[in-house]
Amino acid sequence: MIPFLDLKAINQQYEKELKDACARVIDSGWYIMGNELSAFEQEFAQYCGTKHSIGVANGLDALTLTLRAWKEMGKIKDGDEVIVQANTYIASVLAITENNLTPVLVEPDVDTYNLSPEGIKAAITPKTKVILPVHLYGQISPMVEIMQIAKEHNLLVLEDCAQSHGAMIDGKKSGAWGDAAAFSFYPGKNLGALGDAGAITTNDSELANVILALRNYGSSERYKNVYCGVNSRLDEIQAAMLSVKLKYLDAEISHRRKISEIYKNGITNRNINVPKTVKECEHVWHLFVVQCNRRDDLARYLEDNGVHTLIHYPTPIHKQVAYSGLFDVNLPITEHLSETIISLPISPVMSFDSALRVVNLVNDFD
Ligand SMILES: *Cc1c(COP(=O)(O)O)cnc(C)c1O
């Protein structure tokens with residue numbers, strides 16, 4: 001059996017270091033907002049190349065609290081429009097609606113699955129205030145063009161980096177391009193904790209201070225509450241786990257790239273479209289997503305032959321029951337993608353032999 005993602009095997013690579021770090025926190029007697037969090041925040045900011053990194057409870061909170069902070073700062077208000085790609089995970093859009101902002105779902109580029117500059121420009125109205133590019137599946141969006149559009153139209157940019165830790169354009173990492181960026185460290189992400197965790201990166205010190213208060217009941221000084229904040233803290237044990245795993249992130253990305261090469265060079269079945277990359281260094285291969293018109297047959301065939309696959313994502317956001325009545329939109333590209341995409345196994349512990357076995361099976365599918 002080739003699993004989609006073997007989390008146990010991923011973490012067992014660092015078993016001793018993780019257990020030592022965990023023991024260090026247990027023995028310290030300090031479990032929330034301590035040295036482990038500050039250390040990880042510094043290391044992660046340095047990794048991304050930003051002035052600040054602020055740990056929070058999860059990726060959804062990282063997105064939600066950034067938009068909330070811009071509201072508290074008077075930069076955006078209820079009803080303002082946020083441009084986001086329609087084929088993203090629902091968290092990107094929940095953060096928008098949770099803040100009483102209006103999501104404007106934009107069709108992705110069919111080759112990269114990301115927002116295109118043309119798509120963004122066509123969606124801008126006088127109410128647009130934010131562009132929220134999701135670096136989907138691990139490939140960074142066209143950030144040079146996006147930042148240029150933002151500048152011309154005076155818009156804020158919030159990157160959703162939940163799938164793109166370490167992806168870059170010309171050496172500048174995802175998370176360092178926008179006005180702010182949100183990361184998830186859900187266990188299955190490229191940088192995964194051993195529980196829930198997330199972070200925001202930014203170079204804006206004023207924004208960082210507002211988020212620091214919001215994540216801790218709206219308070220930066222004990223028992224003085226400036227905002228009606230929330231409890232969204234990244235605990236010491238998860239921060240310690242993340243500090244261990246951050247050291248190995250680049251090595252894990254390079255293993256993922258090798259698997260992706262085996263897939264891209266090996267898959268020759270004409271019924272299957274492999275993903276297109278703009279430039280190799282931009283992609284960190286969180287997911288390897290191919291398109292196939294007989295997707296459900298392919299998934300069943302691979303399952304029958306011991307290969308587990310997933311679909312990211314089978315129901316587009318505008319078709320979700322949770323949003324029934326909200327979106328009156330026609331999104332044929334997004335709908336077609338949801339019916340034809342399938343994610344092949346890829347991970348830092350997947351063997352090259354397993355990848356070759358997947359290639360052979362996929363090529364034999366007809
Ligand atoms: C995983 C994910 C999130 C949410 O992260 P959580 O830590 O699960 O809250 C947000 N956006 C995208 C694109 C994701 O893949």
Side-chain angles (χ1 to χ4, degrees), residues 4-5 7 40 44 53-68 82-99 101 103 105-106 108-109 112-115 130-141 143 157-167 174-175 177-178 180-201 211 214-215 230-235 238-239 241-242 245 256 275 283-289 310-317 320 322-323 334 337-338 341 343 346-347:
F4 186 75
L5 186 68
L7 281 178
F40 173 68
F44 194 63
S53 138
I54 305 139
V56 292
N58 53 64
L60 174 60
D61 281 4
L63 290 161
T64 307
L65 290 179
T66 304
L67 293 171
R68 169 83 193 277
V82 181
I83 289 174
V84 63
Q85 74 235 55
N87 56 328
T88 183
Y89 181 56
I90 197 166
S92 322
V93 177
L94 285 172
I96 298 170
T97 53
E98 172 68 22
N99 276 293
L101 301 163
L105 301 180
V106 171
D109 179 286
T112 65
Y113 306 108
N114 280 334
L115 281 175
V130 181
I131 308 174
L132 202 165
V134 185
H135 308 312
L136 210 61
Y137 309 149
Q139 175 153 241
I140 187 166
S141 311
M143 291 311 296
V157 175
L158 171 56
E159 297 173 72
D160 184 336
C161 299
Q163 304 188 1
S164 70
H165 321 69
S174 75
W177 286 88
F183 286 85
S184 164
F185 307 119
Y186 179 79
K189 309 287 183 179
N190 279 20
L191 177 58
L194 280 73
D196 273 315
I200 294 120
T201 55
I211 296 171
L214 284 175
R215 77 169 177 188
V230 298
N231 175 352
S232 182
R233 300 176 297 224
L234 199 175
D235 67 73
Q238 293 310 330
M241 302 296 98
L242 287 164
K245 292 189 72 182
R256 286 174 181 274
H283 210 314
V284 292
W285 300 105
H286 174 57
L287 297 169
F288 194 94
V289 177
L310 289 174
I311 295 161
H312 299 89
Y313 300 91
T315 308
I317 290 159
Q320 293 285 1
Y323 283 134
T334 300
L337 283 175
S338 73
I341 49 172
S343 308
I346 190 164
S347 92

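If you read the sequence from its start, that first residue is 1, and numbering goes on from there. Ligands are counted one by one from 1 in listed order, and the atoms in each one are counted from 1 as well.
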Is there a donor-acceptor pair closer than 3.5 Å between any side-chain N or O of Glu98 and the backbone N or O of Thr64?
no
Looking at Gln85 and Pro108, would you say the former's side chain and the latter's main chain have a donor-acceptor pair under 3.5 Å?
no
Not counting sequence neighbours, which residues clear side-chain contact (heavy atoms from CB on, under 4.5 Å) with Ala162? List them please.
Asp160, Ser184, Lys189
Verdict with supporting geometry, Trp177 and Val157, side-chain contact (heavy atoms from CB on, under 4.5 Å):
CA-CA 8 Å; Trp177 286 88; Val157 175; over 6 Å; no
Using the ring centroid of each side chain, check whether His312 and Tyr137 are separated by less than 6.0 Å.
no
Find all protein N or O atoms under 3.5 angstrom from an N or O atom of ligand 1 and list the pairs with distances, or write 'none'.
residue	atom	partner	partner atom	Å
ligand 1	5 (O)	Ser184	OG	3.2
ligand 1	7 (O)	Gly59	N	2.8
ligand 1	7 (O)	Ser184	OG	2.6
ligand 1	9 (O)	Gly59	N	3.3
ligand 1	9 (O)	Leu60	N	2.9
ligand 1	11 (N)	Asp160	OD1	3.4
ligand 1	11 (N)	Asp160	OD2	2.8
ligand 1	15 (O)	Gln163	NE2	2.8
ligand 1	15 (O)	Lys189	NZ	2.7

Verify the neighbour count for atom OH of Tyr89: are there more than 12 heavy atoms of other residues, nucleotides or ligands below 6.0 Å?
no
